[in-house]
Amino acid sequence: MKTKLQHQRGERNLKGFLEILLPFAIILLLFGFSSQKASVTAQPSREISPQIPSFSEEDENLFEVTFIIASVPESTPQDASIYMMGNFNNWLVGDENYRFEKMGNGTYQLTLRMPPNTEIEYLYNLGNYDNIEKDFFGNERENRTYKFEYNLDEVRNEIESW
C-alpha cells in the first residue's frame, strides 16, 4: 500500500509533468493552426488566374484562334460593342484590344494569337462592369476557359444574359 507521502509525491510529479507538457502541447497546437491558416490564405482565389507568359504578337509560332459569339440576348443594343476580358488582360472591361467585330450575319468575331498550350479564362462584356455576361437566370457565371491546343481553331459561344 502507498503511504500518504508517496501519494503526495506522485501527485506532485504528475503536476510537474503536466506543467511542462501542457505549454508545449498548446504551442504545438497553435503552431498547427497558424500554419494551416497560412496554407489556406496562400492559395489563389477564383478571381486570380494563372499569368499568361509574355510573348510578342509578331512571333510566328503563335496559335491563332477565332472566338465567335453566335447569339446574344435580345436586350443587347443593336449598336453594342462586345469585348472579351480575362486573365490575358487583367480582367479589364471595355479593352479595345479585345473588341469583337460585328459580322453581317449577326455574329461577333475576335481572333486571338497566343503561344501553344496557353490556357485562358475569360468572359464577355459590353464595356462596363454592369454588363458582364451572366447565366440564363441572370446569375454570375463561371469563367469560360480555352486552351490553345490547335492553330486556326474556332470557338463558338452564346451569351445567355447580361
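We're numbering straight along the sequence, starting at 1.
T145 approaches E119 most closely through the heavy-atom pair CB-OE2, 4.2 Å. Between F88 and M114, the shortest heavy-atom distance links the atoms CB-CE, 3.6 Å. When all heavy atoms are compared, the tightest approach of V65 to Y150 is CG2-O, 3.8 Å.
Between the side chain of N105 and the backbone N or O of T107, at least one donor-acceptor pair lies under 3.5 Å. When atom types are taken as modelled, the side chain of N117 and the backbone of K147 share no donor-acceptor pair closer than 3.5 angstrom. Side-chain atoms of N89 come within 3.5 Å of backbone N or O of G86 as a donor-acceptor pair.
When W91, Y98, Y122 are each tested for a side-chain contact (heavy atoms from CB on, under 4.5 Å) with M85, only one passes: W91.
Residues passing the salt bridge (charged side-chain N to carboxylate O under 4.0 Å, His left out) test with R156, sequence neighbours excluded: none. In this structure E64 satisfies the salt bridge (charged side-chain N to carboxylate O under 4.0 Å, His left out) test together with R113, sequence neighbours excluded. With sequence neighbours excluded, the residues that form a side chain to side chain contact (heavy atoms under 4.5 Å, CB included) with Q78 are K102. Residues passing the side chain to side chain contact (heavy atoms under 4.5 Å, CB included) test with D79 are P77, sequence neighbours excluded.
Here the side chains of P116 and F148 are not in contact, with every heavy-atom distance at 4.5 Å or above. Under the 4.5 Å side-chain criterion, counting only non-hydrogen atoms from C-beta, L112 is in contact with M84.
L110 and Y83 sit in two unconnected hydrophobic clusters of ILVMFWY residues. Membership requires side-chain heavy atoms under 4.5 Å apart, directly or through other members. Transitive grouping of hydrophobic side chains (ILVMFWY, heavy atoms separated by less than 4.5 Å) keeps I120 and L92 in distinct clusters. By the rule that hydrophobic residues join a cluster once side-chain heavy atoms approach within less than 4.5 Å of another member, F100 and M103 end up as members of separate clusters.
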For residues 126-135, run the donor-acceptor check on the side chains, cut-off 3.5 Å, and write out each pair with its distance to 0.1 Å, sequence neighbours left out.
{"residue": "N128", "atom": "OD1", "partner": "D130", "partner atom": "N", "Å": "3.0"}
{"residue": "N128", "atom": "OD1", "partner": "N131", "partner atom": "N", "Å": "3.0"}
{"residue": "N128", "atom": "OD1", "partner": "N131", "partner atom": "ND2", "Å": "3.0"}
{"residue": "E133", "atom": "OE1", "partner": "R144", "partner atom": "NE", "Å": "3.3"}
{"residue": "E133", "atom": "OE1", "partner": "R144", "partner atom": "NH2", "Å": "2.8"}
{"residue": "E133", "atom": "OE2", "partner": "Y124", "partner atom": "N", "Å": "2.9"}
{"residue": "E133", "atom": "OE2", "partner": "R144", "partner atom": "NE", "Å": "3.0"}
{"residue": "K134", "atom": "NZ", "partner": "I132", "partner atom": "O", "Å": "3.4"}
{"residue": "D135", "atom": "OD1", "partner": "F137", "partner atom": "N", "Å": "2.9"}
{"residue": "D135", "atom": "OD1", "partner": "G138", "partner atom": "N", "Å": "3.0"}
{"residue": "D135", "atom": "OD1", "partner": "N139", "partner atom": "N", "Å": "2.8"}

For residues 66-74, run the donor-acceptor check on the side chains, cut-off 3.5 Å, and write out each pair with its distance to 0.1 Å, sequence neighbours left out.
{"residue": "T66", "atom": "OG1", "partner": "T111", "partner atom": "OG1", "Å": "3.0"}

As a quick check of understanding, evaluate side chain to side chain contact (heavy atoms under 4.5 Å, CB included) for R99 and I82, giving each step before the final call.
CA-CA 6 Å; R99 182 179 180 177; I82 299 178; over 6 Å; no

So W162 and T76, side chain to side chain donor-acceptor pair (under 3.5 Å) or not? Walk me through it.
CA-CA 8 Å; W162 297 111; T76 306; 2.7 Å; yes

Y146 vs D153, test: side chain to side chain donor-acceptor pair (under 3.5 Å). Steps then yes/no.
CA-CA 11 Å; Y146 178 79; D153 198 9; 2.6 Å; yes

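Y108 OH to I159 CD1: the interatomic distance, rounded to the nearest 0.5 Å, is 8.5 Å.
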